[in-house]
**Student:** 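First the structure, then my questions, so here it is.
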Number of protein chains: 2
Amino acid sequence: MGLALCLRCHIEFYQNMNLAITPESVKVACSNCNLRELCMPTGFNTDDMKKLDEVVATRRRVKQGDMLFSNGDVFTSLYAIRTGFFKTCVSTEDGREQVTGFQMAGEIIGLDGIVTDLHSCNAVALEDAEVCVMPFAKVEDLSREFPLLQRHVHKIMSREIVRENSVMMLLGNMRAEERLAAFLLNLVQRLHARGFSQSELTLRMSREEIGSYLGMKLETVSRAFSKFSDEGIIEVKQRYVRILNSDALKKIFNPETCS
Amino acid sequence: MGLALCLRCHIEFYQNMNLAITPESVKVACSNCNLRELCMPTGFNTDDMKKLDEVVATRRRVKQGDMLFSNGDVFTSLYAIRTGFFKTCVSTEDGREQVTGFQMAGEIIGLDGIVTDLHSCNAVALEDAEVCVMPFAKVEDLSREFPLLQRHVHKIMSREIVRENSVMMLLGNMRAEERLAAFLLNLVQRLHARGFSQSELTLRMSREEIGSYLGMKLETVSRAFSKFSDEGIIEVKQRYVRILNSDALKKIFNPETCS
DNA sequence: CGTGAAGTTGATATCTGTCAAGCTACGTGG
DNA sequence: CCACGTAGCTTGACAGATATCAACTTCACG
């Protein structure tokens, strides 16, 4: 899965990956899943592919607002998102919450639980969702059998580490508008890789959740949206966002070029 | 390796791990390394242990200020720190640098390179260091043979993800003094797990590097140190720090108790 | 013992947070 | 089908935390 991550831009560049999502797909097996290229390694023959179908034990539906897992839950499985949109967040006892990521179809959540066998964050569905449940013991078993799968699992974890590095850069070094610009470009880029528009998106999260992710208050998020809108860079209407000038958005956090 | 990570505190609690570091140790094999419990899984018999010695291909010395690897380098190996102290950092073309972590003996660096086969950050030695070079292909081979090693590798990567989650919480939700307090407690805790003092430490990094990690400017770091010092919570003399009142330090970022 | 890097401290500027008011959109129930 | 209520969003005024700029001090190293 040729993927390069531009730390500067906080944008992932997927190659050979432009998958239309047909919500009508019925088959349970990975081998027939149209998200396969996002979740699973490629390069298997049909026989091996069938064996790999075992990775997914079951499917699970999660209603909007419900948690797939939460802090303290026993870790048993990774989850591949089939449909829907999630946020993961950690929180302190005094109620401060930090959104650590937003995840969409084809992305894997639950990696936080491996180290202690307990989840250390909450995964909340931001819209009705369906996930593939992949018992981690099974993932490990099959990984030992299939080096390609093993490598794939390692890449997924490494990608998450690198993504978090880029979020640290955002939080530590960038200013409010730079953060929001990077965030929007990252979102639209990931959506585009899934067959959606390069320039339009509907946010699945509130201003407050965006702010929590980007380390700023909801009012600051709102102001930044308004500023971009005033400058003609984007069009915003509540959660609908249209990017009118992608280059201008890129320039906000990267005065020069962004590969 | 019983490890729990308190997100609130940004403190890792290691269990059964209090290893004095004897710089005189000569043996090359993991099986004879006194850092084994930090780097390697436990529970192997002597025969398996010998096979696992193959994980480490060579040792490599890195002089203070030199890079173990840098952004864009081809990824081949993970590195286990034997002696010395590293920082990892990412940077943008316009020169902004974000320190993403500080690593000490027994910790593993290089995980960022797995996803793209290229390193996406720099690893700089903050003091003369020696690392064990673990070719990743060999790690993967042996992981397929030894489930305990496989699990161990997964835990190391998951731990890094969880650590970065807690840094995101620091950067996104905490104020300057809270960040520094959490940072000091985390450092001293990790040093203590390696047989050093619970209350004294010598910083291996500059104020600027601390600031970069914590998302603040060096002057702000310095002021926070001075404030803690004025309040009698710590004693500071340049890079020497003595924690006089650990509870007060904990209270700064956690008004109640911190487990 | 001199020189420069690192660290400290003060004065001021700037960005983002806070508080408050009003607006918009959406869902619910009459 | 409309009215109402609420949650989410926007905007303004002001406050506060941290950044910036600058001067000075300390320490490490040659």
Side-chain angles (χ1 to χ4, degrees), chain A residues 63-65 87 94-99 124 126-128 170-184 201-231 234-241 252-253, chain B residues 63-65 87 94-99 124 126-128 170-181 183-184 201-231 234-242 252-253:
Chain A
K63 278 211 170 320
Q64 180 169 25
K87 70 170 176 181
D94 65 347
R96 287 187 274 190
E97 184 175 288
Q98 174 71 39
V99 172
V124 182
L126 296 179
E127 58 182 359
D128 289 354
L170 272 189
L171 293 172
N173 274 294
M174 309 250 218
R175 286 180 310 135
E177 286 166 30
E178 296 179 296
R179 296 182 201 186
L180 187 65
F183 171 73
L184 286 175
L201 68 156
T202 301
L203 300 170
R204 298 271 113 100
M205 69 295 280
S206 68
R207 300 290 189 263
E208 187 167 18
E209 285 161 335
I210 295 172
S212 173
Y213 183 57
L214 298 178
M216 49 208 252
K217 294 295 163 185
L218 69 94
E219 293 95 331
T220 308
V221 175
S222 181
R223 277 184 243 273
F225 270 121
S226 298
K227 178 129 186 282
F228 292 167
S229 182
D230 291 347
E231 293 169 345
I234 63 173
E235 185 189 326
V236 196
K237 203 178 181 192
Q238 302 287 121
R239 297 196 175 183
Y240 167 83
V241 177
I252 285 170
F253 64 97
Chain B
K63 279 210 168 325
Q64 181 169 24
K87 70 169 177 182
D94 64 346
R96 288 187 274 190
E97 182 175 290
Q98 174 70 38
V99 171
V124 181
L126 296 180
E127 58 182 0
D128 289 354
L170 272 190
L171 292 173
N173 274 294
M174 308 249 220
R175 287 180 308 134
E177 285 166 31
E178 296 178 298
R179 296 182 202 185
L180 187 65
F183 170 74
L184 286 175
L201 68 157
T202 301
L203 300 170
R204 299 272 112 103
M205 70 295 281
S206 68
R207 300 291 189 261
E208 186 167 19
E209 286 161 336
I210 296 172
S212 172
Y213 182 58
L214 297 178
M216 49 209 252
K217 295 295 164 185
L218 68 94
E219 294 95 330
T220 309
V221 175
S222 180
R223 277 184 242 273
F225 270 122
S226 298
K227 179 132 187 281
F228 291 166
S229 181
D230 291 348
E231 292 168 347
I234 64 173
E235 185 188 329
V236 197
K237 202 178 182 192
Q238 302 286 122
R239 297 196 175 183
Y240 167 85
V241 177
R242 178 177 199 143
I252 285 170
F253 65 97

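Quantities reported herein were computed from a predicted structural model and do not represent experimental measurements. Numbered from 1 within each chain, the chains take letters A, B, ... in sequence-line order.
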**Student:** Tell me whether Ser222(B) contacts the main-chain N or O of Leu218(B) through its side chain, where contact means a donor paired with an acceptor under 3.5 Å.
**Tutor:** no
**Student:** Which nucleotides of nucleotides 16-30 of chain D have their base under 4.0 Å from a protein heavy atom (B), which only their sugar-phosphate (S), and which neither (-), written as one string 5' to 3'?
**Tutor:** --SSBB-----S---
**Student:** My understanding is that only one of Met216(A), Glu208(A), Arg179(A) makes a side chain to side chain contact (heavy atoms under 4.5 Å, CB included) with Val221(A); could you say which?
**Tutor:** Met216(A)
**Student:** I need the CG-P distance between Asn173(B) and dT16(C), as an integer number of Å.
**Tutor:** 16 Å
**Student:** Measure CD/Glu208(B) against P/dT8(C) and give the value in whole Å, please.
**Tutor:** 13 Å
**Student:** Round to a whole Å and report the spacing from CZ of Arg239(A) to C1' of dC26(C).
**Tutor:** 11 Å
**Student:** Using side-chain contact (heavy atoms from CB on, under 4.5 Å), reason through Leu180(A) and Phe225(A) one step at a time and then give a plain yes or no.
**Tutor:** CA-CA 8 Å; Leu180(A) 187 65; Phe225(A) 270 121; 4.0 Å; yes
**Student:** For Ser206(B), which contact category applies under a 4.0 Å heavy-atom criterion: base, sugar-phosphate, or nothing?
**Tutor:** sugar-phosphate
**Student:** Tell me, please, which residues at least two apart from Glu219(A) pass side-chain hydrogen bond (donor to acceptor under 3.5 Å, both in side chains).
**Tutor:** none
**Student:** Rounding to an integer number of Å, can you tell me how far Phe225(B) CZ sits from dA6(C) P?
**Tutor:** 16 Å
**Student:** Does any N or O in the side chain of Arg207(A) come within less than 3.5 Å of the main-chain N or O of Gln238(A), such that one atom is a donor and the other an acceptor?
**Tutor:** yes
**Student:** Could you state the atom-to-atom distance from CG of Asp230(B) to P of dT8(C) in whole Å?
**Tutor:** 11 Å
**Student:** Take atom CG of Leu180(A) and atom C1' of dC15(C), then tell me their distance rounded to the nearest Å.
**Tutor:** 16 Å
**Student:** Can you check the Ile210(B) CD1 to dG7(C) C1' distance for me, whole Å?
**Tutor:** 11 Å
**Student:** Look only at the side chain of Glu127(A) and the backbone of Gln64(A), and say whether a donor-acceptor pair between them is shorter than 3.5 Å.
**Tutor:** no
